[in-house]
Student: 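Here it is, the structure in full.
Protein chains get the first letters and strands the later ones, always in sequence-line order, with residue 1 at the start of each.
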Amino acid sequence: MEITPRILKGFRDFLPSGEIRRKQLIRILEDQFHAFGFVPIDTPMLEYAQVLLGKGGGETDKQVYRFEDHGGRDVALRFDLTVPFARYMAMHRNELYLPFKRFHISKVFRGENTQRGRYREFTQCDFDIVGTETLSSDLEIVLMIVSAFEALRVPGVTVHLSHRGVFNRFLRHHGAQDRGEEVLRVVDKLRKVGREATLEALTELTSREVAEKALAFIGAQGTYGEILTTIEDLSGGPGPESARLRELGAALEQLVPAGTVLLDPSITRGLDYYTGVVFETFIKGAENIGSVCSGGRYDDLVALYSRESMPGVGASIGLDRLLAALEELDVGTGEPAAVDLLITMQDTELTAHYHELARTFRAAGLRVEVFPEQQKLGRQFAFAERKGIPLALVCGAEEKASGTVNLRILADRENRENLKPEEARQLAVQLIRNPEK
RNA sequence: GUGGAUGUAGUUCAAUGGUAGAGCACCAGAUUGUGGUUCUGGUUGUUGCGGGUUCGAGUCCCGUCAUCCACCCCA
């Protein structure tokens with residue numbers, strides 16, 4: 001009985017073209033993280049459920065893949081990389097130095113319903129700075145976000161910035177701190193349900209007066225400075241939280257292109273462990289995909305696993321959403337090249353010669369493969385094209401005798417003939433390095 | 001998890017309850033060392049899967065799986 005080949009909802013296979021694309025993006029991100037001084041770490045996919053769920057009870061509970069292992073342990077697949085990182089810091093702080101900057105690119109799992117760019121198994125690219133709570137670390141995370149998307153050649157992004165603390169201060173100022181979570185939830189739907197419905201829902205939670213002020217808070221308009229002043233006034237005047245936002249805004253004005261970072265008081269949400277600045281990043285023209293990079297400051301998270309607390313700030317790029325957005329914008333699609341040169345097989349008698357040639361071209365830094373069967377040249381060229389290989393080497397008995405090879409440029413359908421292998425190598429390297437020439 | 005839409009060849013799409021089709025792609029030949037055009041011929045399939053109604057189901061009904069959209073939440 002043959003088993004039906006199938007995979008679970010929200011889980012995916014990747015064909016080479018898709019996986020090569022993912023790996024390209026990951027490589028670019030890794031280079032950028034290294035450039036900022038972040039170092040790589042890894043943690044287990046599977047952990048004790050108690051560790052991952054922490055305080056528990058929240059929405060994340062329902063989304064976690066959780067089961068009993070063969071030893072009767074209550075285990076769960078990680079649903080993000082930040083919570084395991086907090087556990088990691090609590091366990092390894094004596095082996096590390098502070099401030100500690102790490103990046104972590106790996107898969108996480110959430111058992112929620114799927115949509116475009118939303119899967120049950122997906123890749124997050126996290127970067128965090130722990131052990132310091134300065135302006136510099138908040139600033140660097142935002143700069144890291146902006147630089148990462150620049151390096152990825154994303155045409156334009158908008159980082160929406162806010163501060164959990166300012167909103168909490170607002171709630172406290174109006175004696176509504178105990179309704180914080182509910183208010184946040186209602187506030188978050190403002191754009192979808194409209195002003196009136198939101199006002200009504202907020203009035204039920206608090207009072208008409210507070211509801212109107214809450215709407216004024218989250219709907220504040222104007223420049224970064226004007227919005228900041230508005231929410232500062234509504235939350236009872238200046239405080240350390242709004243001061244941080246002011247400093248951050250001033251620094252960013254100097255460091256990133258205008259319009260890249262917006263102060264957006266409606267971005268007060270986020271996972272419940274955030275305590276300070278929070279951000280969400282949208283790709284211009286693909287806002288419907290949702291935030292492709294979110295994060296914030298979490299000064300109490302490590303305290304869950306350790307007597308000592310440790311401040312932290314970080315963000316996470318959603319690789320699969322990013323890919324969905326790039327696809328929507330039609331950026332960087334097309335078959336990516338994984339191989340530079342195909343050595344065609346003209347004559348099986350020369351098999352060893354072809355592999356000898358391959359070795360010398362590889363030594364010159366090229367990615368080379370030998371076609372394993374003697375077929376019509378046209379078929380071998382078609383194979384190269386299908387696989388995205390830009391160059392082909394042709395060498396039959398005559399060339400072998402005269403010590404030459406022919407190099408074919410697939411895209412132009414043109415040959416460079418009677419080249420000595422050394423000349424062909426130089427030419428191939430040059431063509432690969434400068435493909436437009 | 002809730003609600004809605006969709007599911008036919010590798011792909012994009014047709015087919016009043018009555019023989020499952022077309023373009024592109026693919027394969028063979030015209031063309032035994034050079035693939036983009038042209039011509040000739042050929043294969044496309046358990047109509048997502050499983051039941052039911054019917055003389056007869058791609059079509060109607062039920063279930064299931066998957067995708068997309070909205071909610072919820074979020075990367």
Student: Answer with base, sugar-phosphate or nothing: what part of the nucleic acid does A:F383 contact at a heavy-atom distance below 4.0 Å?
Tutor: nothing
Student: According to the Watson-Crick and G-U wobble definitions, with both distances under 3.5 Å, which nucleotide is paired to B:C39?
Tutor: B:G29
Student: Look at all strands and tell whether A:G295 reaches a base, only sugar-phosphate, or nothing, counting heavy atoms closer than 4.0 Å.
Tutor: nothing
Student: Strictly under 6.0 Å, is that where the ring centroids of A:F383 and A:F371 end up?
Tutor: yes
Student: Is A:G111 touching bases, backbone alone, or none of the nucleic acid, heavy atoms closer than 4.0 Å?
Tutor: nothing
Student: Which base, if any, makes a Watson-Crick or G-U wobble pair with B:U2, both distances under 3.5 Å?
Tutor: B:A70
Student: Would you say A:F14 has more than 12 foreign heavy atoms packed within less than 6.0 Å of its CZ?
Tutor: yes
Student: Would you mind reading off the distance between A:Q124 atom CD and B:C74 atom C1', rounded to a whole angstrom?
Tutor: 9 Å
Student: Less than 6.0 angstrom separating the ring centers of A:Y119 and A:F122, yes or no?
Tutor: no
Student: Determine, for A:F361 and A:R425, whether the Lys NZ or Arg CZ falls below 6.0 Å from the six-membered ring centre while staying within 45 degrees of the axis.
Tutor: yes
Student: Only one of A:D340, A:I432, A:L342 clears side chain to side chain contact (heavy atoms under 4.5 Å, CB included) with A:L391; which?
Tutor: A:I432
Student: Among the candidates B:U2, B:U67, B:A75, find the nucleotide nearest to the side-chain atoms of A:N113.
Tutor: B:U2
Student: Both distances below 3.5 Å, Watson-Crick or wobble geometry, any strand: find the nucleotide opposite B:A20.
Tutor: none
Student: Quick one: look up who B:G58 pairs with, Watson-Crick or G-U, both distances under 3.5 Å, and put none if it's unpaired.
Tutor: none
Student: Round to the nearest Å and state the distance from A:L15 atom CG to B:U11 atom P.
Tutor: 11 Å
Student: Could you label the plane-to-plane angle of the A:H160 and A:F282 rings as parallel, tilted or perpendicular, counting under 30° as parallel and over 60° as perpendicular?
Tutor: perpendicular
Student: Side chain of A:E385 only, heavy atoms from C-beta on: which candidate in B:G35, B:G33, B:C68 is closest?
Tutor: B:G35
Student: Out of B:C69, B:A75, B:G33, which nucleotide sits closest to the side chain of A:R116?
Tutor: B:C69
Student: Mind checking if A:R6 touches a base, just sugar-phosphate, or nothing, with heavy atoms under 4.0 Å?
Tutor: nothing
Student: Just to verify, what does A:A49 make a side chain to side chain contact (heavy atoms under 4.5 Å, CB included) with, not counting sequence neighbours?
Tutor: A:L53, A:R66, A:D74, A:A76
Student: Starting at the 5' end of RNA chain B, which residue's closest nucleotide do you reach first, A:Q346 or A:S294?
Tutor: A:Q346
Student: Restricting both atoms to N or O, compile the protein contacts to nucleotides 25-31 of chain B shorter than 3.5 Å, with distance only.
Tutor:
from: B:A28; atom 1: OP1; to: A:R379; atom 2: NH1; distance (Å): 3.2
from: B:A28; atom 1: OP2; to: A:R379; atom 2: NH1; distance (Å): 3.1

Student: Let's test your reading of the model: under 3.5 Å, does the base of B:G1 pair with the side chain of A:Q63 as donor and acceptor?
Tutor: no
Student: NA contact type, A:V108, heavy-atom cut-off 4.0 Å: base, sugar-phosphate, or nothing?
Tutor: nothing
Student: Measure CD/A:E112 against P/B:U67 and give the value in whole Å, please.
Tutor: 13 Å
Student: Would you confirm whether A:Q426, through its side chain, and A:E423, through its main-chain N or O, come within 3.5 Å as a donor-acceptor pair?
Tutor: no
Student: Do the side chain of A:R118 and the base of B:A75 come within less than 3.5 angstrom through a donor-acceptor pair of N or O atoms?
Tutor: no
Student: With C1' as the reference atom in both, quote the distance from B:C62 to B:G23 in angstrom, rounded to an integer.
Tutor: 36 Å
Student: Take a 6.0 Å sphere around CD of A:E422 and say whether it holds more than 12 heavy atoms from other residues, nucleotides or ligands.
Tutor: yes
Student: Rounded to whole Å, how long is the line connecting atom CZ of A:R120 with atom C1' of B:C65?
Tutor: 12 Å
Student: Does A:E121 reach a base, just sugar-phosphate, or nothing at all? Heavy atoms under 4.0 Å.
Tutor: nothing
Student: With respect to the side chain of A:T114, which nucleotide from B:U34, B:U67, B:A75 is positioned closest?
Tutor: B:U67
Student: Distance check: side-chain N/O of A:T123 vs OP1/OP2 of B:A75, anything under 4.0 Å?
Tutor: no
Student: Classify the ring geometry between A:F127 and A:F38 as parallel (under 30°), tilted (30 to 60°) or perpendicular (over 60°).
Tutor: perpendicular
Student: Does B:G45 have a Watson-Crick or wobble mate here (both distances under 3.5 Å), and if so which one?
Tutor: none
Student: What distance, rounded to whole Å, do you find between the two C1' atoms, one in B:U40 and one in B:U34?
Tutor: 23 Å
Student: For the pair made of CZ in A:F122 and C1' in B:C74, what is the distance, rounded to whole Å?
Tutor: 7 Å
Student: B:G33, B:U67, B:G35: which one has an atom nearest the side-chain heavy atoms of A:L410?
Tutor: B:G35
Student: Any side-chain N or O of A:Q115 below 4.0 angstrom from OP1/OP2 of B:A70?
Tutor: yes
Student: In whole angstrom, what separates A:K9's NZ from B:U64's P?
Tutor: 13 Å
Student: Nearest whole Å is fine: how far is B:G33 C1' from A:Q374 CD?
Tutor: 10 Å
Student: Nearest nucleotide by nearest heavy atom, which residue falls closer to the 5' end of RNA chain B, A:G396 or A:G318?
Tutor: A:G396
Student: Select one nucleotide: of B:A75, B:U34, B:G36, the one nearest the side-chain heavy atoms of A:R413.
Tutor: B:G36
Student: Rounded to the nearest angstrom, tell me the gap between atom CD1 in A:I267 and atom C1' in B:A75.
Tutor: 14 Å
Student: Roughly how many Å apart are B:U16 and B:C73, using the C1' atom of each and rounding to a whole number?
Tutor: 45 Å
